[in-house]
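For reference, the structure discussed in these notes is given below.
Quick note on labels: first sequence line is chain A, next is B, and so on, each numbered from 1. Because the structure is a prediction, the values reported are computed rather than measured. Every heavy atom of this structure was used, including side-chain atoms; hydrogens, water molecules and symmetry mates were not.
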There are 2 protein chains.
Amino acid sequence: MEKNTDTRLAIMNTTYQLIAEHGIQKASFALIAKEVGISKPSIYYYFDSKNDMIYQLFEQFCSEISFQHFFNAEHFTQEQFSTQLIEVGFQMIQEQANDPYFGNVMKEFLSLAARDDSYKGRFIELQQDYLKGFEQLLLKAADWSLIPLYSLTEKAHILALVIDNIGNFMMLDDTVDYRNIWKTAVQLVFLEDGLHG
Amino acid sequence: MEKNTDTRLAIMNTTYQLIAEHGIQKASFALIAKEVGISKPSIYYYFDSKNDMIYQLFEQFCSEISFQHFFNAEHFTQEQFSTQLIEVGFQMIQEQANDPYFGNVMKEFLSLAARDDSYKGRFIELQQDYLKGFEQLLLKAADWSLIPLYSLTEKAHILALVIDNIGNFMMLDDTVDYRNIWKTAVQLVFLEDGLHG
DNA sequence: GTCTATACTTCGATAGAC
DNA sequence: GTCTATCGAAGTATAGAC
């Protein structure tokens, strides 16, 4: 199976853009073929069906936004922990803002996941990835006595909720300073005289 | 125009459910008519087109989730402010969790808004509602010296991001204690020795 | 690998009787 | 108000030549 040809890649990339612009349902094989510059049945040489193609695009999409892709625990130091966390969050916000199609494609896949368990299951993995990822990151900070263990899990989940939703809010309002929101969220979590049991 | 008949309401309610179960595109007039128990052309007596009908459903949906619908500033007191904020958040989480269709319908409208400025504009209003609403709520708390003015806007936005995204996360994972996350978020914002300039 | 031609289905919407 | 009948457009997918 040597099917990662230029045509196949062109189909995938074009579909990604068309989904962002028109939604999955309106991104028909006719429209994709016209945009790529091939005939409609040619797509069936590379993909079994439209469902097959959309799901392959979805798998690739998910693999590129994993927690590990952005937050690598080994890069954090005791001296600069919260500063580094703020900085990596900035990079994630920036990277997704630089892809003009990202937000729309994400919303399409989310609405698909609402009704299809295959998509839903993959998104659950992704979400657990982030919830557990932030928790382990904060546990590392607790080992270094940078934050207390009290409410550590809740704090980790707050960070996950905030960084995940910043992208959605940016789509609707680009006048808000989202970098400052993330910075403040991290600072609240790392307050020296924070919550205690 | 006396068109708020039982038939009209039945069409609206059935469509709401079918959108949640199958998405907007697959909620065809044929399917809706079958479910309501009428013929397909009968729907056109109450709605000009499918777009018209979906948008009317969207308007009603938005009016029921306004900031004011949940958070009324006049009900907050100096003595119990953060406790009341936590409680009202619980009520909002509970109300949306009690409607099994809410999350899916919201995702459908969000993906529509990504490509249609009419829907997008209405969602922007809703978002500004929440961002400004939380900000004015915290300003009231600041007047009572319950929190400092420093980073007040950012804190308000963090609360908006968290409460808005809790619903999305609940769809994927109902094992997490989301009430505790909201409670912790409010407590972090209301810490006595919080952030200062 | 890529094409033309086409089968089959479903969609939104309209005409017109009752 | 509600129906039957039907139109034209667009969708996914396949057959078969090159």
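Rounding to the nearest 0.5 Å places CE of B:Met53 at 15.0 Å from CZ of B:Phe58.
When rounded to the nearest whole Å, the span between CD1 of B:Ile43 and P of C:dT14 equals 14 Å. Whole-Å rounding puts the A:Tyr44 OH to D:dG16 P distance at 17 Å. In this structure, the OH atom of B:Tyr45 is 17 Å from the C1' atom of C:dT14, given to the nearest Å. Rounded to whole Å, the distance from CD1 on B:Ile54 to C1' on C:dG12 is 12 Å. Atom CD1 in B:Ile11 sits about 12 Å away from atom P in D:dG1, given to the nearest Å. Atom pair A:Asn51:CG and D:dT12:C1' shows a separation of 10 Å (rounding to whole Å applied). Here the P atom of nucleotide D:dA10 and the NZ atom of A:Lys50 are 15 Å apart, to the nearest Å. Going from atom CG of B:Asp48 over to atom C1' of C:dA13 covers 12 Å, rounded to whole Å.
Taking 4.0 angstrom as the limit, A:Ser49 places none of its side-chain polar atoms (N or O) nearer than this to OP1 or OP2 of D:dT12. The shortest distance between the side-chain N/O atoms of A:Ser42 and the OP1/OP2 oxygens of C:dC3 is below 4.0 Å. Of the side-chain N and O atoms in A:Thr7, one or more sit less than 4.0 angstrom from OP1 or OP2 of C:dT2.
Applying the ring pair (Phe, Tyr, Trp, His ring centres under 6.0 Å) rule to pairs touching residues 156-181 of chain A yields nothing, sequence neighbours excluded. For the side chain to side chain donor-acceptor pair (under 3.5 Å) condition, the pairs that include at least one residue of residues 134-148 of chain A, sequence neighbours left out, are A:Glu135-A:Thr153. Under the side chain to side chain donor-acceptor pair (under 3.5 Å) criterion, the residue pairs touching residues 165-177 of chain B are A:Gln128-B:Asp173, A:Asp164-B:Asn165, B:Asn165-B:Asn168, B:Asp173-B:Thr175, with sequence neighbours excluded. Applying the side chain to side chain donor-acceptor pair (under 3.5 Å) test to residues at least two apart or on different chains, the pairs with a partner in residues 81-91 of chain B are B:Thr77-B:Gln84.
Annotation: side chain to side chain contact (heavy atoms under 4.5 Å, CB included) contacts of A:Tyr101 (sequence neighbours excluded): A:Tyr16, A:Gln17, A:Ala20, A:Glu21, A:Asp99, A:Val105. Shown here are the ring-ring contact (aromatic ring centres under 6.0 Å, His included) partners of A:Phe76, two or more places apart in sequence or in another chain: A:Phe81.
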Please tabulate, one pair per line, each protein N/O and nucleotide N/O from nucleotides 5-7 of chain D that are separated by under 3.5 Å, including the distance.
none

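Of the residues in residues 14-35 of chain B, not one places a heavy atom less than 4.0 Å from an atom of DNA chain D.
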Please list every donor-acceptor pair under 3.5 Å in which a side-chain atom of residues 181-190 of chain B meets a protein atom from a residue at least two apart or in another chain.
residue	atom	partner	partner atom	Å
B:Trp182	NE1	B:Leu85	O	3.3
B:Trp182	NE1	B:Ile86	O	3.4
B:Thr184	OG1	B:Asn180	O	2.8

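B:Arg8 forms no cation-pi arrangement with B:Tyr46, by the criterion of a distance under 6.0 Å to the ring centre and an angle within 45° of the ring axis.
When distances run from any side-chain atom of A:Ile38 to the nucleotides C:dT2, D:dC3, C:dC3, the shortest one goes to C:dC3.
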